[in-house]
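Read the structure below first, then the notes.
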Amino acid sequence: MKKRIGFYPRVRVEDGGRGVVAQAGAVLLVETVRKSGLDAAISAALAPWRKPRAVHDPGKVLLDVALATALGGDCLADVAVLRAEPDVFGPVASDPTVSRLIDALAAAGPKSLTAIRSARAEVRSRVWGLAGADGPAADGHVIVDIDGVLVLAHSEKQDATATWKKTFGHHPLVAFVDHGQAGSGEPVAALLRPGNAGSNTASDHITTTGLALAQLPKHLRRGRQTLIRTDSAGGTHTFLDRLSRQGRWLSYSIGMTITDPLHQAVLKIPKKAWTPAYDAGGTERPGAWVAEITDMPDLSTWPKGMRLIVRKERPHPGAQLRFTDLDGLRLTCFATSTKGGQLADLELRHRRRARCEDRIRGARDTGLRNLPLHDTAQNRIWLEIVSLALDLLAWMPMLALTGDTRRWEPKKLRLRLLSAAAQLVTTGRRHWLRFTARWPWTDISNHAINRLHTLQNPG
């Protein structure tokens, strides 16, 4: 009779191991930093904050925190993950040095934020150029999604207040560039606001849009080739006027609240005017229809050329209808400045704004679950660190991965690629990381690092 030992083999544990690197898959992010030129750009941008005879470059310190956040860290002290592997990540500053840098950048206010954002914008243009046909603006058009996110606070942090969901924390506005169905998305704006900030505050939407446009290549900062998408929180006169003002002429697809005038207009739509809506795959969706009501309500006070498109559909199981819904069908409406195109295509384009929720979920998994610092100025720097981490997690798949792997969210990237361990071997004054052949995704990692190595070096 064999003695039972349980489901898993018994393994003894001891310290003192050598030649093994934890989180070795992060070399993909390190190589992305090198090939994109982000290290040089951040170093130059933060040069004013480098003290004489300082050992650590402020740009390197900030990038180390961003890399730790990309690997799953949620506070400044998690940079210890990198400090433990100097052969891969180089010398890493101590916790007090990191804290002093964050305090110095926070004390500088808008000056430091502008420096970091300018470096990101400079590098973003280079990365999109390296990506070529895989870049988000390869066809000459780009889509920016804006949405709010609630960040809970579990202690008395500055500007943490009660939110509209009866929670306690902050209510930042974020913006992401949509990479389309073949990819994910990357952050281009993060505006920190108190928890009681309004969802439809036009001035905050205008500020966030300005920050987002500043991150785009110059030829995309104005003109119809840039589309701004929001939910109904952006459906205000002031915001739409700013998007449509002379000299800016941005395209937009903005959700609108079903007011009584709009509801009365929907009631007057002839039955034959409704056309079938499309599902995510671009085929007709049973039980959903779209129609245009631009000529029905009075739009004289709204921007010239604005179109109103309404959708009706059978509600999902468990969904509650509203007073503005029609004959048991849920109604939604959005405004757009796009002149041509089929209604179903325009409505599907607007509904794909839901991909922004996926980007927000990834941001929550990458340092946005909570704000770890106390002062608002410090947490603004933290948001820039989170944005840097998300940039790397978006740029690396864009440059190095192919097929379905390009759509992997941060959580899956960490589990399958970044968290992989490897053996460190030094031969001929060179360091080699050898990943185990048993790891199911080793081939993907090797292919990705080879693609990064073939990219042109910056400068």
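Taken to the nearest 0.5 Å, the OG1 atom of Thr283 stands 9.0 Å off from the OH atom of Tyr278. In this structure, Arg83 CZ and Ser94 OG are separated by 6.5 Å, a value rounded to the nearest 0.5 Å. Once rounded to the nearest 0.5 Å, the distance linking CH2 of Trp432 with CZ of Phe435 reads 13.0 Å. Rounded to the nearest 0.5 angstrom, Trp302 CH2 and Leu308 CG are separated by 8.0 Å. The line from OG of Ser184 to CH2 of Trp395 is 12.5 Å long, rounded to the nearest 0.5 Å.
For the pair Arg124 and Asp391, the salt-bridge criterion is met [side-chain N within less than 4.0 Å of a carboxylate O]. Salt bridge status for Arg34 with Asp39: absent, with no side-chain N to carboxylate O gap under 4.0 Å. The pair Arg407-Asp358 does not count as a salt bridge, with every side-chain nitrogen at least 4.0 angstrom from each carboxylate oxygen. A salt bridge is defined here as a Lys NZ or Arg NE, NH1 or NH2 lying under 4.0 Å from an Asp or Glu carboxylate O, and Arg193 with Asp204 meets this definition. By the 4.0 Å N-to-carboxylate-O rule, Arg245 lies too far from Asp241 to be salt-bridged with it. Here Asp147 pairs with Arg353 in a salt bridge; the nearest charged N to carboxylate O distance falls below 4.0 Å. The residues Arg352 and Asp178 are annotated as not salt-bridged, no charged nitrogen and carboxylate oxygen being separated by less than 4.0 angstrom.
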Between Asp345 and Arg349, does a salt bridge (charged side-chain N to carboxylate O under 4.0 Å, His left out) hold up when you go through it step by step?
CA-CA 6 Å; Asp345 289 327; Arg349 183 188 68 178; over 6 Å; no
Derivation of the side chain to side chain contact (heavy atoms under 4.5 Å, CB included) call for Val149 and Arg364:
CA-CA 9 Å; Val149 53; Arg364 289 184 183 276; 3.2 Å; yes
Side chain to side chain contact (heavy atoms under 4.5 Å, CB included), that's the test. Do Leu393 and Arg414 meet it? Break it down for me.
CA-CA 10 Å; Leu393 291 172; Arg414 294 187 195 108; 4.0 Å; yes
Side chain to side chain contact (heavy atoms under 4.5 Å, CB included) assessment of Leu62 paired with Val98
CA-CA 8 Å; Leu62 199 73; Val98 174; over 6 Å; no
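With no hydrogens or angles considered, no side-chain donor-acceptor pair links Thr454 and Arg451 at under 3.5 Å. Side-chain polar atoms of Thr167 and Thr163 form a donor-acceptor pair below 3.5 angstrom.
With Pro172 as the partner, the side-chain contact (heavy atoms from CB on, under 4.5 Å) test is satisfied by one option alone out of Leu191, Val151, Leu150: Val151.
Surrounding CG of Asn450 are more than 12 heavy atoms belonging to other residues, nucleotides or ligands, all under 6.0 Å away. Remark: Arg224 CZ is packed, more than 12 non-hydrogen atoms of other residues, nucleotides or ligands lying under 6.0 Å away.
Phe334 and His350 have parallel rings, their planes meeting at less than 30° on a 0 to 90° scale where 60° marks the start of perpendicular.
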